[in-house]
Each structure stands twice: as C-alpha cells, then as structure tokens.
Trainee: 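The structure's right below; bear with me while I get my questions together.
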Amino acid sequence: MGLEPFSPDSTIFRDESVLRDGYQPARLIERDTELEQYQSALKPVINGAPPKNLFLYGQTGVGKTLSSRMVVERLIEDQQNIDGVDVQVIELNCKSLNSSYQVAANLINQFRPPTEQIKPTGYPSGMIYNMLFDELEALDATHCLIVLDEIDAIGNDDDILYKLPRANDNENVEDTLVGVIGISNDFTFRDNLSARVKDSLADEEIHFPPYDANELGNILKQRAGEAFHDTSAQRLDDGSYELQSDILEGDVISLCAAFAAQDSGSARQALKRLYKAGDLARDEESDVITEAHVRQADEIVERDKVRDELTRLPTQSKLTLYSLLLLEREDETPSKRNRIYERYVMAAKRIDADVRTDRTIHDRLSQLTLKGFLDVDEQNKGPKGGSYYEYEFSIRADLAQEVLQEDERLAELFATDETSTTLDSF
DNA sequence: CTTCCACAGGAAAAGCCGGGGT
DNA sequence: ACCCCGGCTTTTCCTGTGGAAG
C-alpha cells in the first residue's frame with residue numbers, strides 16, 4: 001500500500017501542543033477568585049509563620065493542578081527576595097499510590113539522591129514516617145510545602161494526612177515548618193476522612209466550581225490564539241477574549257464550549273473537542289474548522305468516554321447489559337426486570353460466572369441507569385399489571401455490543417452467537 | 001526476617017417487606 | 001388487587017493487617 005509522505009501542517013495547527021493535556025499557558029484565566037484565595041492562604045509563609053494546610057477540591061479539569069503549580073511557582077520566585085524565608089516545595093501525584101505508606105516512601109525518595117532511594121515496601125510503618133521526618137528536618141530551608149495531587153487515591157488509609165500536618169506540633173520536625181496542600185477530585189473524600197485529619201488538614205478549603213460555557217469559551221479562545229494558524233486572541237479589559245481567525249468558523253468556539261459545559265464543565269473536555277475538531281479538519285485537508293467538525297468531534301469524544309466507562313464495568317454489570325442487548329435484538333425493548341433477569345441467568349451460566357439474585361441485578365440496572373447507559377420508564381397498569389420499570393439503552397446498542405465483545409469473559413457469548421442464533425429459543 | 005494464618009472491618013450480595021400508584 | 005420498587009437488615013465474601021511461628 002502507498003503511504004502518504006509526512007509533511008508538517010501548513011493550514012490548521014501552528015502549535016497543537018497548546019491543546020494537549022499538561023500544557024501550561026502563560027496565564028490562567030477565569031480562576032481569579034480561587035487564585036487569590038490560594039495566594040492569600042500562603043501568605044503566612046512569606047511572613048515566616050507556619051504555613052496553613054490547604055485542601056483544594058473540585059471536579060477534574062477545573063484548573064486545580066494548574067492553579068497550584070502557578071501559585072507555587074510564584075511563591076518560590078518571590079521568596080528569593082525575602083530574607084529569612086527559604087521555601088522548598090515538593091509535589092507528588094498520588095494517583096497510583098493507595099496507602100499512606102506508599103506516599104511516605106515516595107516523598108522520601110523525592111528528597112533523596114538517586115543513589116540512596118529506598119524500597120517502596122518492607123519497612124515498619126513507624127520507621128517510614130521517621131525517615132520522612134528526618135528528611136524534612138535535614139532540609140536546608142525554613143519551610144517545606146508538600147503538594148499531594150489526587151490525594152483521594154490513598155483511600156481510607158489517611159495516616160499520613162494526620163502525621164504531616166502535625167509534624168511540627170508533635171515535634172517530629174522542628175527546624176523546618178511543614179505545610180500540606182491536598183488536591184482532590186472526589187467530593188466525598190473529604191467527608192470520609194477521619195475526624196482528626198479533617199481537623200488538621202483543612203485550615204482552609206478552596207473550592208473549584210465547574211466552568212460555565214462562557215468561561216470555557218474564553219479559555220478556548222486564549223488557547224486557540226496560540227494553537228492555530230492565522231488566529232489571534234485579544235484579551236479585553238473585562239478579562240474576556242476576542243478571537244480573530246481565518247481557520248475557525250464563527251460558532252466553533254462557542255459550540256465546543258457549550259458541549260463541554262453541558263457535559264462536565266471541564267476545560268480538559270472542551271480542549272479535547274477543539275483539538276479533535278482540528279484533527280478532523282486536517283484529515284480532510286480542509287482549510288477551516290467548521291461547526292460540522294465540532295459536532296463530529298463531540299460525538300467522538302463522547303463515544304470514547306462512554307466506551308472507557310463501559311470497559312471498566314464489572315462482569316456482572318456487563319452481563320446485565322448483554323441481556324438487554326439480546327432483548328434489543330429481539331425487538332423486546334424496553335423491557336422489564338424479570339425479562340432481563342431471565343436472559344441474564346442464561347448468559348451467566350454459559351460463561352460460568354456466579355449467578356446473582358434478581359435483587360442484585362435490579363441494583364445493577366439502577367446503577368447503569370444512574371451512569372447514563374440506560375433509560376428507565378415507569379409503568380403502572382394497576383390491578384391488571386401492577387407497576388414496574390422498563391429499561392432500554394440510552395447509548396447506542398452497537399457501541400455496547402462492541403465493548404462487550406472485547407471483554408475476555410464475555411467473548412464466548414458472542415462467539416457461539418454468530419454461528420447459531422439459538423439464544424432466542426426461549 | 002520471612003511466612004503463614006486468623007481475624008477484623010468493610011463492601012457486595014441476599015433476603016425481607018411495606019408502600020405507592022393505578 | 002396487582003407488581004415490583006427501594007429502603008433496611010442480615011449474610012457472605014474479600015482484602016489487608018498484625019501477630020505468632022518457623
């Protein structure tokens with residue numbers, strides 16, 4: 001087959017990395033209140049006082065990590081001109097760390113040179129904290145701020161969130177003033193923290209609300225100005241942006257913003273759509289990004305997201321979906337729980353999975369509905385039928401089938417299914 | 001210091017049943 | 001009177017921990 005030669009873009013993207021995750025814009029917009037709050041919460045540090053412990057929370061893609069990084073950078077820069085204050089900051093993403101122990105071990109390794117790294121397991125839990133305290137004590141600094149991103153990953157084991165904020169009070173560390181900044185996507189995480197942690201960790205809480213369509217629009221304009229050819233963004237006095245572009249058709253930005261606002265209020269989601277729309281235009285060798293590209297991009301992004309969530313579902317939920325898929329094929333949807341359960345039992349037996357009771361499957365169905373995969377319709381026919389729910393797919397059935405087929409355990413259901421359609425012998 | 005086991009605590013599942021709307 | 005929803009309680013299962021034993 002003939003390959004097209006690679007050649008750099010001349011029409012759409014000037015610098016597409018601007019639209020990627022992790023790009024740090026020169027200016028973080030639409031988060032003024034939060035930045036201000038954050039900065040003022042760190043003021044004690046500059047005055048040489050013990051730092052406050054902070055807790056930042058809000059959904060993904062609302063600027064928590066970026067805000068934190070910017071404020072911290074600014075702090076480090078400014079403190080250089082101030083005598084008697086020397087701040088060190090260490091940042092740790094706790095995403096794949098699910099215990100206090102692992103967080104502590106990783107922190108220690110961040111302090112140590114590569115030759116003196118410790119193993120991530122094996123030490124008594126008391127010792128690991130002492131090692132961490134020793135490292136903090138030995139720091140050549142007056143303050144140490146520890147930023148723990150995605151801290152909700154550590155789950156219920158919140159020991160370290162008690163020990164670190166209290167390190168000074170308990171005289172574990174005396175020469176360095178320690179402050180903890182926790183960042184979390186999970187609203188319930190804070191509530192589930194033990195009382196002693198809640199007390200010590202959250203001197204101040206900063207809430208990051210989702211962006212509205214207008215705010216997302218400005219963020220997109222700001223980035224678009226850098227990302228695309230023949231496009232420039234101008235910041236106005238009121239903080240909003242004005243865009244001039246030969247690449248982006250009129251409603252492209254506001255449409256991306258609207259889709260993302262409706263979906264989650266996440267800047268990441270909005271940027272993804274814009275990026276994807278640009279991709280589509282490039283693939284078509286179009287000179288402009290049109291509204292149609294955005295609609296198509298939205299569908300793709302949305303589809304990928306659903307796909308992702310579906311893949312992660314436990315086997316029992318997938319079996320439940322499979323049952324509904326069978327009914328859909330037989331034109332029996334919407335369908336009530338009993339009918340779904342019949343199919344479920346057969347399917348579960350066939351792949352040798354545990355067969356749950358109908359009560360449990362009922363719960364699964366509610367969950368799936370809550371997640372937006374299914375739609376439910378309440379029926380009530382009185383004495384000659386009673387009341388019950390009818391379920392049907394809210395997502396496209398072929399997408400569900402696609403994902404289910406990829407599941408190892410469910411694969412054989414489809415394998416036999418292709419050759420003989422004996423399943424509807426009931 | 002490792003390995004093994006027992007135990008606890010929590011989460012998922014099962015079981016129970018009153019209620020709601022027609 | 002029909003039917004099953006959904007809250008509540010009980011049971012079972014699972015995982016992680018700490019302590020004892022090798």
Side-chain angles (χ1 to χ4, degrees), chain A residues 94-106 117-132 151-163 184 186-198 309-324 327 332-394 407 409-410 426:
Chain A
C94 307
K95 192 173 201 158
S96 54
L97 310 174
N98 35 38
S99 68
S100 281
Y101 182 98
Q102 288 175 8
V103 172
N106 273 272
Q117 299 281 298
I118 63 166
K119 291 175 295 176
T121 56
Y123 296 93
S125 59
M127 192 193 285
I128 200 97
Y129 292 122
N130 284 332
M131 289 164 80
L132 179 56
I151 186 62
D152 38 307
I154 69 162
N156 298 323
D157 172 20
D158 52 14
D159 231 26
I160 193 154
L161 294 181
Y162 175 72
K163 293 231 160 71
S184 168
D186 185 350
F187 291 92
T188 61
F189 177 69
R190 196 187 135 279
D191 299 332
N192 293 339
L193 289 171
S194 50
R196 54 174 201 165
V197 171
K198 231 179 275 181
E309 286 173 30
L310 277 178
T311 313
R312 266 196 271 282
L313 247 27
T315 307
Q316 293 293 341
S317 295
K318 285 184 180 171
L319 281 168
T320 310
L321 284 177
Y322 174 75
S323 317
L324 198 59
L327 290 161
E332 298 274 340
T333 49
S335 194
K336 56 183 195 173
R337 176 173 131 194
N338 272 346
R339 309 267 294 138
I340 298 172
Y341 187 66
E342 287 168 16
R343 308 296 152 124
Y344 159 81
V345 173
M346 293 178 50
K349 279 186 181 156
R350 279 184 50 184
I351 66 163
D352 225 14
D354 295 341
V355 179
R356 301 291 174 225
T357 59
D358 62 337
R359 179 70 184 81
T360 303
I361 297 309
H362 167 64
D363 277 344
R364 296 281 171 184
L365 285 167
S366 315
Q367 273 178 36
L368 290 166
T369 308
L370 209 64
K371 289 189 179 178
F373 299 137
L374 304 181
D375 279 332
V376 65
D377 190 21
E378 195 171 352
Q379 296 286 317
N380 198 330
K381 306 226 190 299
K384 46 183 179 308
S387 65
Y388 52 87
Y389 284 173
E390 287 191 325
Y391 294 94
E392 65 186 324
F393 280 107
S394 162
D407 187 282
R409 296 203 64 186
L410 271 77
F426 266 72

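To find a chain, count down the sequence lines: A is the first, B the second, and so on, and within it residues start at 1.
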Trainee: Quick one: label A:Asp363 by what it contacts on the DNA or RNA (base, sugar-phosphate, nothing), any heavy atom closer than 4.0 Å.
Mentor: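 Here A:Asp363 touches no strand at all.
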Trainee: What pairs meet the ring pair (Phe, Tyr, Trp, His ring centres under 6.0 Å) rule with one or both residues in residues 352-387 of chain A, with sequence neighbours excluded?
Mentor: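 For residues 352-387 of chain A, and leaving out neighbouring residues, there are no ring pair (Phe, Tyr, Trp, His ring centres under 6.0 Å) pairs at all.
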Trainee: Among residues at least two apart in sequence or on other chains, which ones pass salt bridge (charged side-chain N to carboxylate O under 4.0 Å, His left out) with A:Arg359?
Mentor: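 For A:Arg359 the salt bridge (charged side-chain N to carboxylate O under 4.0 Å, His left out) partners, ignoring immediate neighbours, are A:Asp363.
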Trainee: Mind checking salt bridge (charged side-chain N to carboxylate O under 4.0 Å, His left out) for A:Glu390 and listing every partner two or more places apart, or none if nothing turns up?
Mentor: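 Partners of A:Glu390 under the salt bridge (charged side-chain N to carboxylate O under 4.0 Å, His left out) test: none.
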Trainee: Once you round it to whole Å, what is the distance between C1' of C:dC4 and CG of A:Asp377?
Mentor: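 Atom CG in A:Asp377 sits about 15 Å away from atom C1' in C:dC4.
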Trainee: For A:Leu365 and B:dA13, give me the distance from atom CG to atom C1', rounded to whole Å.
Mentor: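 That distance rounds to 15 Å.
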Trainee: Identify the pairs formed between an N or O of the protein and an N or O of nucleotides 20-22 of chain B at a distance under 3.5 Å, and give each distance.
Mentor:
| from | atom 1 | to | atom 2 | distance (Å) |
| --- | --- | --- | --- | --- |
| B:dG20 | N2 | A:Ser387 | OG | 2.6 |
| B:dG21 | N2 | A:Asn380 | OD1 | 3.4 |
| B:dG21 | N3 | A:Asn380 | ND2 | 3.2 |

Trainee: In residues 351-359 of chain A, which residues come under 4.0 Å of DNA chain B by heavy atom?
Mentor: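 Under 4.0 Å from DNA chain B: A:Val355, A:Arg356, A:Thr357, A:Arg359.
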Trainee: When you measure from the side chain of A:Lys318 to the backbone of A:Thr311, do you find a donor-acceptor pair of N or O atoms at a distance under 3.5 Å?
Mentor: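 At least one qualifying donor-acceptor pair exists.
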Trainee: Measure from OH on A:Tyr341 to P on B:dA14 and round the result to the nearest Å.
Mentor: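 Taking atom P of B:dA14 as the reference, OH of A:Tyr341 is at 7 Å.
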Trainee: Under a 4.0 Å N-O cut-off, is there an ion pair linking A:Arg339 with A:Glu332?
Mentor: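 A salt bridge links A:Arg339 with A:Glu332.
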Trainee: With sequence neighbours excluded, what pairs up with A:Asp354 under the salt bridge (charged side-chain N to carboxylate O under 4.0 Å, His left out) test?
Mentor: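 Per chain and number, A:Asp354 pairs via salt bridge (charged side-chain N to carboxylate O under 4.0 Å, His left out) with A:Arg356.
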Trainee: May I have the distance from A:Arg364 (atom CZ) to B:dA13 (atom C1'), rounded to whole angstrom?
Mentor: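 Checked: the CZ to C1' distance equals 9 Å.
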Trainee: Going through the distances and angles, do A:Asp377 and A:Gln379 end up as a side chain to side chain donor-acceptor pair (under 3.5 Å)?
Mentor: CA-CA 6 Å; A:Asp377 190 21; A:Gln379 296 286 317; 3.2 Å; yes
Trainee: Rounded to whole Å, how long is the line connecting atom CD of A:Gln367 with atom C1' of C:dC5?
Mentor: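 Rounded to the whole Å, the gap is 16 Å.
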Trainee: Using whole Å, report how far CD1 of A:Ile361 lies from C1' of C:dC5.
Mentor: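 Distance, rounded to whole Å: 16 Å.
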Trainee: Quickly, which of A:Tyr389, A:Tyr388, A:Tyr391 forms a side chain to side chain contact (heavy atoms under 4.5 Å, CB included) with A:Lys336? Name it, please.
Mentor: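 Per the side chain to side chain contact (heavy atoms under 4.5 Å, CB included) rule, the option paired with A:Lys336 is A:Tyr388, out of A:Tyr389, A:Tyr388, A:Tyr391.
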Trainee: Any side-chain N or O of A:Lys384 below 4.0 angstrom from OP1/OP2 of C:dA1?
Mentor: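 Looking at the OP1 and OP2 atoms of C:dA1, neither is under 4.0 Å from any side-chain N or O of A:Lys384.
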Trainee: How long is the straight-line distance from CG of A:Leu365 back to CG of A:Leu374, given to the nearest 0.5 Å?
Mentor: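 Reported value, rounded in 0.5 Å steps: 6.5 Å.
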Trainee: Check this one for me: any side-chain N or O of A:His362 less than 4.0 Å away from OP1 or OP2 of C:dC4?
Mentor: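 Checking C:dC4 against A:His362, no side-chain N or O comes under 4.0 Å of OP1 or OP2.
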